[in-house]
Amino acid sequence: MTNALSRSDPGRLNAALLAWYDRQGRALPWRVRPEDRARGVKADPYAVWLSEIMLQQTTVPHAAPYWHAFLQRWPTVHDLASAPREDVMAAWAGLGYYARARNMHACARVVSEELGGEFPRDLDALRALPGIGDYTANAIRAAAFDLPASVVDGNVERVVARLFRIETPLPRAKAEIKAAAAGIAASGARPGDYAQAVMDLGATVCTPRSPACGICPWRSACAACDAGAQTDYPRKERKKQKPVRYGVCFHLTRDGPGGAELLLRRRPEAGLLGAMMELPGTDWTEEAPVAEAIAASAPVGADWQEAGRVRHVFTHFRLELDVRTARLAAGDAGPQGRWVSVGALKQAGLPSVMMKAAKLGF
DNA sequence: TAATCGTGGTA
DNA sequence: TTACCAAGATT
């Protein structure tokens with residue numbers, strides 16, 4: 001039991017990690033732990049799928065409230081499938097990567113209408129569904145069905161790159177890492193628990209900046225730790241620095257029957273913030289828009305006042321968004337459009353950048 | 001293969 | 001402030 005592990009012995013690595021998971025693994029809202037299973041609790045594939053979609057590139061604390069809210073509002077895949085898409089998008093607002101929400105809704109409709117509400121167990125059948133790629137298909141197989149799978153997320157990439165001290169930088173090393181990860185995953189029983197365990201190890205012990213190697217169940221097998229170079233792995237290519245884009249948006253309010261209202265519009269279907277609500281405004285360009293372009297983008301001719309500037313960071317550029325505000329005179333209905341009660345702005349489903357702009361206008 | 005696609009937390 | 005990071009998928 002105290003014998004040193006070897007990274008060329010996948011069976012013992014697998015067993016050691018499972019033993020660690022039984023003691024130290026996290027309890028997460030969507031997770032069925034071994035002791036839960038012993039009490040007869042079974043995973044709900046719909047709830048598992050929902051969690052995996054929300055957790056793509058997203059932290060547990062950020063995703064968790066959304067997961068609870070979605071399950072409460074739409075308890076089954078049929079409920080979600082029959083919900084209006086604008087309701088789903090609004091409920092997703094603030095989580096980011098909005099293509100996930102569009103794909104999630106499309107996936108729910110396929111599962112509800114074509115698959116009788118049952119998620120597939122087959123890897124290729126899962127991967128064929130919208131929003132489900134290689135990682136998520138394996139994660140659903142493992143967490144929902146306890147079927148053989150190899151999950152490789154950012155956590156696992158880090159753990160495996162350190163264990164084998166892989167010199168190839170990401171993302172080129174993905175194939176090599178996947179192969180190594182699959183070898184260990186396939187070398188034991190309890191595939192569902194193993195998948196959770198290897199991700200937990202990366203999330204709580206083998207962390208990016210300050211790994212807790214002293215308590216790691218794989219310490220005695222880890223090549224990077226032997227070299228005292230844990231945080232040098234995984235190797236990564238340098239990232240490009242983000243360009244800046246500039247834009248102007250318009251915060252127009254009027255007096256409605258139930259109080260003040262704000263003018264919004266829906267963004268185009270695809271692309272950045274696709275299908276989400278926004279304040280009307282100019283395009284976001286590398287050069288600040290000129291006066292003519294700004295005037296042409298205003299929803300109405302008015303005495304626009306400068307309300308301030310929103311700075312927001314997207315995945316591949318930074319945005320500096322000037323907010324201009326105006327209030328229509330009493331009795332002036334203003335332009336056609338989606339007027340939203342200011343008192344219910346949170347339910348309007350604004351993405352974070354637009355919520356910042358909306359607040360700045362008051 | 002490389003770009004695109006959010007957000008909030010942390011060092 | 002800047003840079004990095006978090007249960008990736010799609011085109």
Side-chain angles (χ1 to χ4, degrees), chain A residues 25-26 28-31 48-67 89 92-104 106-107 126-144 149-159 170-172 174-175 177-178 181 192 194-204 206-211 231 234 236-245 267-276 278 284 310-319 349-356:
Chain A
R26 291 177 294 179
L28 297 173
W30 42 83
R31 176 177 290 179
V48 167
W49 162 75
L50 204 53
S51 75
E52 293 299 343
I53 300 300
M54 289 181 171
L55 286 164
Q56 288 166 2
Q57 296 289 286
T58 304
T59 59
V60 167
H62 194 190
Y66 287 84
W67 182 83
M89 298 308 291
W92 191 277
L95 248 194
Y97 285 134
Y98 296 96
R100 289 185 297 167
R102 303 194 300 270
N103 287 330
M104 176 190 69
C107 180
L126 282 166
R127 287 206 50 166
L129 292 167
I132 298 182
D134 189 53
Y135 162 77
T136 303
N138 279 280
I140 292 172
R141 267 175 65 84
S150 178
V151 296
V152 182
D153 67 341
N155 288 309
V156 179
E157 286 180 346
R158 184 171 58 254
V159 168
L170 286 170
R172 240 189 321 145
K174 280 179 181 290
I177 290 175
K178 272 188 180 182
Y194 176 84
Q196 307 294 320
V198 69
M199 289 190 286
D200 270 16
L201 186 66
T204 66
C206 193
T207 57
R209 296 175 200 273
S210 53
T231 54
K236 293 194 177 180
E237 308 278 14
R238 281 290 170 87
K239 291 182 181 174
K240 295 177 186 172
Q241 86 172 43
K242 298 179 180 186
V244 182
R245 292 186 193 173
R267 290 176 62 88
E269 179 71 14
L272 187 72
L273 307 176
M276 297 301 289
E278 70 170 356
W284 301 342
V310 169
R311 296 169 190 278
H312 193 79
V313 182
F314 291 101
T315 308
H316 56 291
F317 67 93
R318 296 181 302 163
L319 176 66
L350 287 173
S352 292
V353 61
M354 288 299 159
M355 189 58 85
K356 286 186 197 174

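Bear in mind that the values here come from a model prediction, so they are computed numbers and not experimental data. Lettering follows sequence order; numbering is per chain, from 1.
Note: CG (A/D153) to C1' (C/dA9) measures 14 Å, nearest angstrom. Per the geometry, NZ belonging to A/K236 stands 8 Å off C1' belonging to C/dC4, to the nearest Å. Computed from coordinates, the A/R100 CZ to C/dT11 P distance equals 16 Å when rounded to whole Å.
Listed by chain and number, the residues in a side-chain contact (heavy atoms from CB on, under 4.5 Å) with A/P29 are A/W67, A/H68 (sequence neighbours excluded). Residues satisfying the side-chain contact (heavy atoms from CB on, under 4.5 Å) criterion with A/V198, sequence neighbours excluded, are A/L17, A/V151, A/V156, A/Y194, A/W218. Under the salt bridge (Lys or Arg N to Asp or Glu O under 4.0 Å) criterion, A/R267 pairs with A/E278, not counting sequence neighbours. Remark: A/D200 pairs with A/R26, A/R31 by the side chain to side chain donor-acceptor pair (under 3.5 Å) rule, at least two apart or across chains. Every salt bridge (Lys or Arg N to Asp or Glu O under 4.0 Å) that A/E157 has, sequence neighbours left out, goes to A/K174.
Across all strands shown, A/R127 has no heavy atoms under 4.0 Å from either base or sugar-phosphate atoms. The residue A/V313 sits close to a base: some heavy atom pair falls under 4.0 Å. Note on A/L319: nothing from the nucleic acid sits closer than 4.0 angstrom, heavy atoms only. Using a 4.0 Å heavy-atom criterion, one finds that A/K356 contacts no nucleic acid atom at all. Using a 4.0 Å heavy-atom distance criterion, A/G94 is classed as a sugar-phosphate-only contact.
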Quick one: side chains of residues 237-244 of chain A, donor-acceptor pairs under 3.5 Å with protein atoms, not counting sequence neighbours, listed by atom name and distance.
residue	atom	partner	partner atom	Å
A/K242	NZ	A/F314	O	3.0
A/K242	NZ	A/T315	O	3.2

Let me have the donor-acceptor pairs involving side chains of residues 137-144 of chain A, under 3.5 Å, with sequence neighbours excluded, atom names and distances please.
residue	atom	partner	partner atom	Å
A/N138	OD1	A/S150	N	3.2
A/N138	ND2	A/D134	O	2.9
A/R141	NE	A/P148	O	3.0
A/R141	NH1	A/R121	O	2.8
A/R141	NH2	A/P148	O	2.8

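Comparing the C1' positions of B/dG6 and C/dC4 gives a spacing of 15 Å, expressed to the nearest Å. B/dT1 and C/dT10 have their C1' atoms separated by 13 Å, with the value rounded to a whole Å.
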TODO: Would you sketch DNA chain C in dot-bracket for me? Only Watson-Crick or G-U wobble pairs with both distances under 3.5 Å count, crossing pairs as [ ], other-strand pairs as |, the rest as dots.
DONE: .|||||.||||
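Residues A/F314 and A/P171 each lie close to DNA chain B; by heavy-atom proximity, the contact nearer the 5' end of the strand is made by A/P171.
Chain A approaches DNA chain B within less than 4.0 angstrom (heavy atoms of the protein), and the contacting nucleotides run 5' to 3' from B/dA3 to B/dA11.
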